[in-house]
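Proteins come first, then strands; the chains are lettered A, B, ... in the order of their sequence lines, and each starts at number 1. Everything numeric here is computed off the predicted structure, so don't read it as measured data.
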Amino acid sequence: MNIFRFAGDMTHLISILVLLLKIYATKSCSGISLKTQELYALVFLTRYLDLFTDFISVYNTIMKLVFIASSLAVVCCMRMHRVVRRSYDKDLDTFRHYFLILASFVLALLVNEKFTFQEIFWAFSIYLEALAILPQLVLLQRSGNVDNLTGQYVFFLGAYRAFYILNWIYRYFTEQHFSRWIACVSGLVQTVLYADFFYYYFISWKNNAKMQLPA
Amino acid sequence: REQSWSHDEL
């Protein structure tokens, strides 16, 4: 464990807490893409298949359980909760995310560490996570204005993978035989996808104005 | 043979 990875995990945790805060405090999920939440639930479920077979550390196990439980809780809340689900932007959240699932799965069959059940699903979860934010970014683009908590949620979600890139660079130089090209390349693509969001987020922060995405 | 790393990251 190194400081970059710990910072990345904490940033990821903060993004989840901000999302939960937004939904429970405002009793509204306006501006949140249900499709992105479903994709993230799928990412965690397919990545942590080894949750009960490979014990790495208490920290690792607890964080995996937190990520799985929180992503499922958000999806259930956005689908079931009678108050929250009324504020879901159903007609804006129309990204065909099934294509993202299919593309990631096909790519995982072609490019993986080992052609085994667990490795293919691990690669699938890595590719899917890189694309999972797309429905959310499209929804924000369409809705134009971004409320503070939603903006912070997406910002921290993007920042956590940037910390992981620093972690991979650090591990590359400090550990022999460290090679996680799949995660590195995919993590890079994931972070780049946030680039324009980060730009507009920074502009709104600098001008101390409400965040506006160009329509 | 290269030591195969484990999925020790989240």
Practice prompt. Scan residues 46-57 of chain A for pairs that pass salt bridge (Lys or Arg N to Asp or Glu O under 4.0 Å), counting only residues two or more places apart or in two chains.
Written response: A:Arg47-A:Glu129, A:Asp50-A:Lys64
Worksheet item: For A:Phe198, does the CZ atom have more than 12 heavy-atom neighbours from other residues, nucleotides or ligands under 6.0 Å away?
Response: yes
Item to complete: Verify the neighbour count for atom OH of A:Tyr172: are there more than 12 heavy atoms of other residues, nucleotides or ligands below 6.0 Å?
Response: no
Worksheet item: Yes or no on side chain to side chain contact (heavy atoms under 4.5 Å, CB included) for B:His7 and A:Ile126, after CA distance, side-chain angles and deciding distance?
Response: CA-CA 12 Å; B:His7 295 321; A:Ile126 291 287; over 6 Å; no
Worksheet item: Does atom CZ of A:Phe55 have more than 12 heavy-atom neighbours, drawn from other residues, nucleotides or ligands, at distances under 6.0 Å?
Response: yes
Worksheet, complete the sentence: On a heavy-atom basis, the closest approach of B:Leu10 and A:Phe67 is CD1-CE1, 3.9 Å
Discussion item. Applying salt bridge (Lys or Arg N to Asp or Glu O under 4.0 Å) as the test, list every pair that has at least one member in residues 133-142 of chain A; sequence neighbours left out.
Written reply: none
Worksheet item: Quick one: CZ on A:Arg180 to CG on B:Asp8, what's the gap to the nearest 0.5 Å?
Response: 6.0 Å
Worksheet item: At a heavy-atom separation under 4.5 Å, does A:Asp9 approach chain B through its side chain, its backbone, both, or neither?
Response: side chain
Fill in: Short side-chain donor-acceptor distance under 3.5 Å, B:Glu9 and A:Asn167
yes
